[in-house]
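The structure appears right after this line, and notes come after that.
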Amino acid sequence: MARAYDVQEIERKWQGRWRESADYEVDDDDPRPHYYVLCMYPYPSGPAHQGHVRNYTFGDLMVRYRTMKGYAVLSPIGFDSFGLPAENAAIATGIHPRTFTDQRIEELRESLVSLGAVYDWRREVRSHDPAYIRWTQFIFKRFLEAGLAYRGAALVNWCPGCQTVLANEQVLADGSCERSGDEVEKRSLEQWFFRITAYADELLRDLDALDWPERVKVMQRNWIGRSEGAELDLEVYEHPGKAVRVFTTRPDTLFGMTYAVLAPEHPMVDELTTPENRGVVDALRESARRSSEMERTSVGSGLEKRGAFTGSMVLNPVTGKPVPLFIADYVLMSYGTGAIMAVPAEDERDWEFAQLHGLEIVRTVEAPSSFDGGAWTGDGIKINSEWLNGLRTDEAIQRAIAWLEEHGVGKRSVKYRLRDWLVSRQRYWGCPIPVVYCGSCGIVPAPDEELPIIAPDDVQLLQTGESPLASHQGFVHTTCPKCSAPARRETDTMDTFVDSSWYFLRFCDPWSIDKPFDQEAVERWMPVDQYIGGIEHAILHLLYARFFTKALADVGIAPSGLREPFSRLFTQGMIRLGGTKMSKSKGNLVAPQEYFRTVGADALRLYHLFVGPPADDVDWSEQTGELIEGCARFLDRVWRLALEEVPATAPGAGAGVGSAGQPDPVGSAGQPGVDDQLKRAVHRAIAKVTDDLDRWSYNTAVAACMELANAISRYRRDGAAAREIGKAIDALVLLLAPMAPHLASEVWERRHGPGAMVHRESWPICDPELLTDERVTMVVQVNGKVRDRLEVNASAAEEDVVREALASAKVQEALGGVAPRRIVARPPRLVNIVVDR
RNA sequence: GCCCGGAUGGCGUAAUCGGUAAACGCGGUGGACUCAAAAUCCAUUGCUCGAAAGGGCGUGCGGGUUCGAGUCCCGCUCCGGGCACCA
């Protein structure tokens, strides 16, 4: 496609100028109001893909717009440079992960520059930089001291593909690995955890005040999964004094408890299983251990509830009646107390189990008469419950908890679905966990002076299931920092989500050499005013970063008042290709570099802004190329409109004659009317674009610019004054400056002389006086159907517009001689005449 | 199963407070310019009946509220996403 200007040359030129100008390097003492715009820092996967382009286009637009509005905008960038792909590539090619990663960072950096995105590059951070590793390890140590990091044995998720353990958040609903798609196995291992559950309540509560997409908040609430209820002890009939502790959200249903269940992994299973039941119990335990997360993939509730009787009975605390104690695979050790009281009448799972095993069912809630199903889980009036009879569910819950507390058998309790964050990874290319194991001192953290602990380069990267570092004798063998005896280093590395949980704080003070960051610098910029990233991080990264911010504040590293990292969050839609999402793991199917070379970055940026609402997914289709060309065509039009000579008058542009050959409605002398209309079009565009940019409606902002360009062409052809046309063009260029920064820069410089920089200009302000037209089109309806359109004064009174409406021949014809029953007038937009038919 | 989103021309989409449905763009059609093509510019473009004037229909489906509904309410269908034995 032949272009109106040399796109390559101009885009290169301005990318250099922005870098040299240092306009986007901001310091803490900048007198302008501070604003922190941040896009999620990328994993360096080589040249940018369309998802990056979309993300960084939105971010760059925000940076430039806010700057023009007078803010000191902090716009940092860095690279989430630890991670599996580099290690896998190393295994395949023999290239060291660092070499591989550094090269890909350069490629991605080049893409971001080519896109025209501007950053304070002085602040760049990389997760794998020793200066960053040092502080990640420092933070780990402070967490360890505060009890927020601990080593524990647990049944953990093991991905055979990635050859490492995973966090719960990295396992998808169908039991597969979020990264590799392999089926995740359960293994019992000693691992490092972060105590995120200590913040469960605060993480849940503080969501309310965040200006985040509601669906992200809902996802986090679900993930945290708070349940209120009670814990109570069920005394074992055969062993008086011994009790099984259970958790329930429905203490009101106690009278309906007809059996109880332990999770197969429950520690009391052995002692409570009688010899004659040992065989079935052990068989079930074994099969539960092997199958656990798997097999329950597809249909959820249709799972067979397998169980086995332990041979023991427990006492129902309110009736004193013994009921059988089972083990069953539908009770999970990892939630609540790992044991439940079963109430088949009011719980669907218990109902199913009771049916299967022929157990007693006692209803304690009166179900609606229309209900003919099994378990009634809704609210209702209590029955068969002695002192709870007649109460509503909510009242009965409170009464039951009070009873449990009075009798010392239970108490009010809150449980969460959220589990502690497993951070150990049996991989090489990550931040080493800075501890040593000493035979006599146990777990000893590496001294601060020894940080960073850097993994050696000469490591055999093989997929053994053990950290590659474990086979490096020089790394493993060390001495205990406490007693100097020979000791062994921890060889696992941290989950890369640890690195990305505090980078936004480091950006505030990346130069700090004696601490992770200066608290004062953080107070100047944090929290992030606008965070932008993909919806795929709704739980993982965004939950971990929130936890880190709170924990860092509590251990004294971050300011104590900083409870949340991101005030406003925007999640952009994903790029889809034929229905499947494009992502770093699925490959780059359409390379942005191709467009940089052909239509240029501005056209590609404009396409991403214009294609639809930023929050919506985008389908990459055959039509996409044409849409991008359309954007390039628009940029060409702006170029010509702003810079090329055009004939002063065009055919038909006589005095007082509009484009359609109609008399000009306002200026009887011609010119003043056209000028006035052009001026109004400019101010309408300013108001529209400003409002649209503030409410993330970039597609309509682009449309408004196109409309303005159309209006300028039309009014110029119609003979508007050169001075007004010049002002209109300048306004258009200013409005386009955040969207198509290269074109806007070049046009501005050519119009205003060497050295003029459009992004140093103030954002245009609209004159409210010019937002309303003096004459508007009014619609006249008869019984809600449009029958005529009339030109009226914007300030016309009700009786005047009604009179004009009734005077219309078309309206009279539609009325057909019938007298109006009612007339609804909303001047100056509409009159609706209602007649009986 | 539960919880969120969504459904508007041939296509991407717009309509911010219940008041002209389809702004803006893509694609199509016709024309100007050209030896010709590309590029550019102009006109036109929801469907339908009609020679025209003009009419009818039209925002996933069925109801409702209202002078008036893409927008609000009730009941569905389909698509996308999240959660899913969490007691």
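In what follows, chains carry the letters A, B, and so on, assigned in the order in which the sequence lines appear, proteins first and then strands, with residues in each chain numbered from 1. As the structure is a prediction and not an experimental result, all values here were calculated from the model.
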* **5' precedence on RNA chain B between A/Arg695 and A/Val618 (nearest-nucleotide basis)** =>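 With A/Arg695 and A/Val618 compared, the 5'-side residue is A/Val618.
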* Asked: Taking the nucleotide of RNA chain B with the closest heavy atom to each, which residue, A/Val834 or A/Ser713, is nearer the 5' end?
  ->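 On the 5' side of the pair lies A/Ser713.
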* To do: Using the test ring-ring contact (aromatic ring centres under 6.0 Å, His included), find all partners of A/Tyr5 that sit at least two apart in sequence or belong to another chain.
  =>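 ring-ring contact (aromatic ring centres under 6.0 Å, His included) list for A/Tyr5, sorted by chain: A/Trp639.
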* Quick one: list whatever passes ring-ring contact (aromatic ring centres under 6.0 Å, His included) with A/Phe353, sequence neighbours left out. =>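 Counting only residues at least two positions away or on another chain, A/Phe353 forms a ring-ring contact (aromatic ring centres under 6.0 Å, His included) with A/Tyr259, A/Phe326, A/Tyr330, A/His357.
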Gap in Å between the two [atom1] atoms, one belonging to [N] and one to [M], rounded:
N     : M     : atom1 : result
B/G28 : B/C79 : P     : 32 Å
B/C4  : B/G75 : P     : 13 Å
B/A14 : B/U65 : C1'   : 27 Å
B/G5  : B/G9  : C1'   : 24 Å
B/C2  : B/C57 : C1'   : 40 Å
B/U45 : B/G25 : P     : 15 Å
B/U8  : B/A22 : C1'   : 8 Å
B/A32 : B/A38 : P     : 14 Å

Side chain of [X], heavy atoms from C-beta onward: which of [options] has the nearest atom to it?
X        : options             : answer
A/Arg576 : B/G81, B/U16, B/C41 : B/G81
A/Val218 : B/A87, B/C3, B/A84  : B/C3
A/Thr248 : B/C85, B/G27, B/A87 : B/A87
A/Trp223 : B/C83, B/C4, B/A87  : B/C83
A/Val611 : B/U16, B/C42, B/G12 : B/G12

Whole angstroms only, please: what is the [atom1]-[atom2] distance between [X] and [N]?
X        : N     : atom1 : atom2 : answer
A/Tyr259 : B/A87 : OH    : C1'   : 11 Å
A/Glu214 : B/G81 : CD    : C1'   : 15 Å
A/Asp617 : B/A7  : CG    : P     : 14 Å
A/Lys810 : B/G54 : NZ    : P     : 7 Å
A/Asp619 : B/C79 : CG    : P     : 16 Å
A/Glu348 : B/A84 : CD    : C1'   : 12 Å
A/Trp351 : B/G1  : CH2   : C1'   : 18 Å
A/Asp616 : B/U8  : CG    : P     : 12 Å

* Since syn is defined as within 90° of 0, does B/G9 count as syn or as anti? ->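 Base orientation relative to the sugar is syn.
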Hey, are [X] and [Y] close enough for a salt bridge, meaning a charged N less than 4.0 Å from a carboxylate O?
X        : Y        : answer
A/Asp619 : A/Arg576 : no
A/Asp691 : A/Lys688 : no
A/Lys415 : A/Glu231 : yes

* Side-chain N or O of A/Ser697 less than 4.0 angstrom from OP1 or OP2 on B/U16? ->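 Answer no for this pair, as no side-chain N or O of A/Ser697 is under 4.0 Å from OP1 or OP2.
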* B/A84 phosphate, OP1 or OP2, under 4.0 Å from A/Arg417 side-chain N/O ->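 Yes, such a contact exists.
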Name all residues meeting the side chain to side chain donor-acceptor pair (under 3.5 Å) criterion together with [X]; count only those two or more places apart in sequence or in a different chain, and write none if there are none.
X        : result
A/Arg250 : A/Asp252
A/Asp616 : none
A/Glu214 : A/Arg221

* Is it the case that A/Arg363 places NZ or CZ above or below the six-membered ring of A/Trp376, under 6.0 angstrom from the centre and within 45 degrees of the axis? ->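 No; the conditions do not both hold, so A/Arg363 does not lie above the ring face of A/Trp376.
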* A/Arg3: what forms a salt bridge (Lys or Arg N to Asp or Glu O under 4.0 Å) with it, not counting sequence neighbours? ->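 Testing A/Arg3 for salt bridge (Lys or Arg N to Asp or Glu O under 4.0 Å), a comparison that skips the adjacent residues, returns A/Asp636.
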* To do: Would you please name every residue forming a salt bridge (Lys or Arg N to Asp or Glu O under 4.0 Å) with A/Asp347, sequence neighbours left out?
  =>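 A/Asp347: salt bridge (Lys or Arg N to Asp or Glu O under 4.0 Å) contacts with A/Arg349.
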* To do: Classify the side chain of A/Arg215 and the base of B/G5 as holding, or not holding, a donor-acceptor pair under 3.5 Å.
  =>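 When only heavy-atom distances are counted, A/Arg215 does not reach the base of B/G5 through any donor-acceptor pair under 3.5 Å.
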* Asked: Does A/Asn832 make a side-chain donor-acceptor contact with the base of B/C67, cut-off 3.5 Å?
  ->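 Check passes, donor-acceptor contact within cut-off.
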Counterpart base for [N], defined by Watson-Crick or G-U wobble contacts under 3.5 Å:
N     : result
B/C24 : B/G12
B/G18 : none
B/U71 : none
B/G80 : B/C4

Grab the N/O contacts between the protein and nucleotides 56-60 of chain B below 3.5 Å, and write none if there aren't any.
from: B/C57; atom 1: OP2; to: A/Lys785; atom 2: NZ; distance (Å): 3.2

* Asked: Using 30° and 60° as the class limits, which term best fits the ring planes of A/His537 and A/His541: parallel, tilted or perpendicular?
  ->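 Correct class here is perpendicular.
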Pairs under 3.5 Å (N/O, protein and nucleotides 20-25 of chain B):
from: B/U20; atom 1: O2; to: A/Arg789; atom 2: NE; distance (Å): 2.8
from: B/U20; atom 1: O2; to: A/Arg789; atom 2: NH2; distance (Å): 3.2
from: B/A23; atom 1: O2'; to: A/Glu707; atom 2: OE1; distance (Å): 3.4
from: B/A23; atom 1: O2'; to: A/Glu707; atom 2: OE2; distance (Å): 3.3
from: B/G25; atom 1: OP1; to: A/Asn710; atom 2: ND2; distance (Å): 3.2

